[in-house]
Structure formats: structure tokens, C-alpha cells
Amino acid sequence: MKGLTSIKCQKSAILSFFTIIALCTVAVSSKTDDSSKESSHCGGCSHSRQSTTTENLYENEADDYCLANDPLHTYEHTATNRIGRLKNMVKIKAGTFTIGTNDPVFVADGEGPKQQIYLDSFYIDEMEVSNRDFGRFVHATNHRTEAEKFGDSFVFGGLLEEKIRANITHAVAQAPWWLQVKNANWQNPEGPNSDIKSMFTPFYFSGCLKLETKENRMDHPVVHVSWNDATAYCEWLGKRLPTEAEWEVACRGGLSDKLYPWGNKFTPNGQHRANTWQGDFPNNNTKEDGYESTSPVTEFAPNNYGLRNMIGNVWEWTSDWWTIETKARGGPNNPNGPPHSTDKVKKGGSYLCHKSYCFRYRCAARSQNTPDTTAGNLGFRCALKA
Ligand SMILES: *[C@@H]1O[C@H](CO)[C@@H](O)[C@H](O)[C@H]1NC(C)=O
Ligand SMILES: *[C@@H]1O[C@H](CO)[C@@H](O)[C@H](O)[C@H]1NC(C)=O
Ligand SMILES: [Ca+2]
Ligand SMILES: [Ca+2]
């Protein structure tokens, strides 16, 4: 997350950097009550939606700047451009697959039994949807997330400053480390004193401008997005959420009946391949995998299908309604869950999962939340019919 970015020693780069600063100042100083949220993106890769010439100029400058620094080469955001849409997606060919397990860890979750299913070909995103991706969607559509509408979301207490934590009165009874934080949302994952933006600080000029990046989470998975927000994002790109079966087949990476996307050993050759919790949960995160909270969506080796972070980092929404009855899941052909229930299925576990408490960073594991739930460890990726 922390690192150095040097900009090539070019007048234009330096100029455009200051142009961005200057235009940001314009955007911030011209903000109205309606636009204050949008304008406050300055320095990040989302922009004011006002359509004055100045703001458009700022938008283009900033887009160029952001794209030049975009490690993901994110797809073009036009739903009509199929080639653009398929960038950073993997095709999984139609076939018969085995999902579920006969050796469930959480029987009450309906992890078992194993079942054979047939799936048509489909595409799935290589990576979890990032803040940069989601920012483009918000910029283009004016989408307001449910966490923004409700005015709060759930944050893991260990990530909050003590003075903020001390003020919070609402926690989850069975899981007191989850705190309901006012104004926590995708742009402010730990509440108003936190952000995801690229903040650049010039630290010396000697012919070359060098910039130090601070807390840039643009390539981290978007969090505090509900099932409804996730669905809206995928639909904007002409995509949809994966079904639980598609997600699980994708997770397994072509392997048969293994715990993880790469096999049964959690850290093969001592290497971490997923972002989970090491140490005593919930008090002592020893971060042996390198991350206390989310990691970039590009982090960790992919499975055989080329998919990253299927387990760990953030939980991922699927399109299925929740049931623990195998028969009710709609199999064996393209199962897509029961017609209705109260909760949606989420898969894969998160950076908060520890073996002692939430050993759900396995392909067969599953959990659920209501479609309007938001939390700091819950995101998604999209799929598409092939
Ligand atoms: C804590 O709450 C009090 C009373 O609402 C408020 O005055 C104070 O600013 C809050 N402190 C922080 C750090 O949010
Ligand atoms: C956290 O766990 C590590 C490893 O067991 C230990 O060395 C360290 O002292 C612990 N830290 C705290 C604050 O308990
Ligand atoms: Ca971790
Ligand atoms: Ca994940």
C-alpha cells in the first residue's frame, strides 16, 4: 500500500499534476450541498458530476492521470462493448462439476453433501471489483449505495481508532467486534476519518518530481456494498452476479474435492495464497499474509483458472437466495437457488476469517446476509453468460 511512484521527468507530467491540484481546488470551492460528496473525490479517481467545461477538463485530466497509474488496466466501462466487458474475465467452459462437500466443517450451513451439477459456459471476473472500478460506476450513474442512504455500516472494531470506537453504542450481540459506524461507506471504509483515495505528496524536486503514495486503496476491493449495489454495478456492465454454483466451480479451479482453490494445504511451501486472519481472533492480528485489512485485488497467486482471492480478502455476493436444503437449490442443471428466501448467499470468507472461529475460507463454505446488508469485509465480482 505504501510505496514510491516516480513520475517521468517531463514538463507535461508536472504540469498536469498541478493542473489537477488547481482544478480540484476549483471543484471543491464551487461545491454545493448536492455535490459535496462528489467533489470531495479530488485526488482520487472519481470526479464531480457537474457538467461545466472546467469540471469536464478536470475529469479528463484526472482520468488520464488515473489510467496512467492504473495497474489493472481496467476494462472500458461501456456495456455495449463486449470486448471491453470481457477484459479481465475468464471463460469457464460448460461441463459437469462437483460442488459441496461430504466432509462439512459447518453442517448447519448446508455445505454438504457433494453433488454433481451441469453448468453452461460462463465468464467470471478474475478479480474482486475494486474501488477504482466501482468509482467509475458511481461517476457514470450517480449510484448511491445503501450504506450511504442508511447512513452507517458495519466495521471491524480493531480497524477503528480508539477515540472513535469509544463513541460507538451499537454492536452485534453475538459478534461484538462488529461495530455500526456512522457514515462508514465504500469511500470511507472506517468512517468519516478514513478514505480510499490516491493521495500524493510531492517530497522533493530536483529536476524530477517524485510522489509518495499514502493509503491508496483504489485497487482494493470495494466494501460496504449491499447485494442490491453489487447487482446494480454488474448490470451497468451488462453482467450479473455469479450463481453460487458458478462461483464455487470457479473457486475450485478445476480441482476435484479440495478445500482451497489450489489444493488442501493452506500455505503450500510456506506461501500465503489468500488474505485471512493469523493470530488470536479478534485481538491480535499477526498479519503473516501481509495484510491486516483488505489487500489489492491483484494480490496473491491465481488458481488454475486465473482467478484471484476467491477465498479470503472479502466475502463475495452471489445471485442465489439462501437455503441449506440441497434439493431446494435448483440442481442439477445450472442451479440458481430457491425462488425466494430472506437472505442471499455469500462465498469465500474474508480477511477476518480465522480457523478457530470462521473457517469459511474454503470453496464449499457458505454464509448469508439480507440483500441490504453492508460491511467492511463484503464485496463481489461479476459474471456473464458466455
Ligand atoms: C463522541 O461523541 C460526542 C457526543 O456525541 C461528540 O461530541 C464527540 O465529538 C465524539 N467524538 C468522536 C471522536 O467522534
Ligand atoms: C500476538 O501474537 C504473537 C504471536 O503469537 C505474539 O508474539 C505477540 O506477543 C502477541 N501480541 C499481543 C499484543 O498479544
Ligand atoms: Ca490478513
Ligand atoms: Ca474473495
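Order of appearance sets the numbers: ligands from 1, and atoms from 1 within every ligand. Bear in mind the structure is a predicted one, so any value in this text is a computation, not a measurement.
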Is it true that the side chains of Asn193 and Glu161 contain a donor and an acceptor less than 3.5 Å apart? no
So, is Asn285 placed with an N/O/S atom under 3.0 Å from the Ca ion (ligand 3), counting both backbone and side chain? no
Test the Arg362-Tyr260 pair against the cation-pi criterion, namely NZ or CZ under 6.0 angstrom from the six-membered ring centroid and within 45° of the ring axis. no
For atom 4 (C) of ligand 2, the protein heavy atom that lies nearest, with its residue and separation: Thr286 CG2, 4.0 Å
N, O or S atom of Asn275 closer to the Ca ion (ligand 3) than 3.0 Å: yes
If you stand at the Ca ion (ligand 3) and look out to OD2 of Asp289 and O of Tyr291, what angle do those two lines make, to 10°? 140°
Return the set of protein N, O or S atoms whose distance to the Ca ion (ligand 4) is under 3.0 Å, each given as residue and atom. Glu128 OE2, Asn309 O, Gly312 O, Val314 O, Glu316 OE2
Taking Asp343 for the side chain and Gln368 for the main chain, is one N or O donor matched with an acceptor at less than 3.5 Å? no
Against the six-membered ring of Trp317, is Lys344 placed for a cation-pi contact (under 6.0 Å from the centre, within 45° of the normal)? no
Measure the distance from atom 8 (C) of ligand 2 to every protein heavy atom, then report the residue, atom name and distance (to 0.1 Å) of the closest one. Asn284 ND2, 3.7 Å
Are Arg366 and Trp322 in a cation-pi contact, defined as NZ or CZ under 6.0 Å from the six-membered ring centre and within 45° of the axis? yes
Can Thr318 and Glu244 be counted as having a side-chain donor-acceptor contact under 3.5 angstrom? no
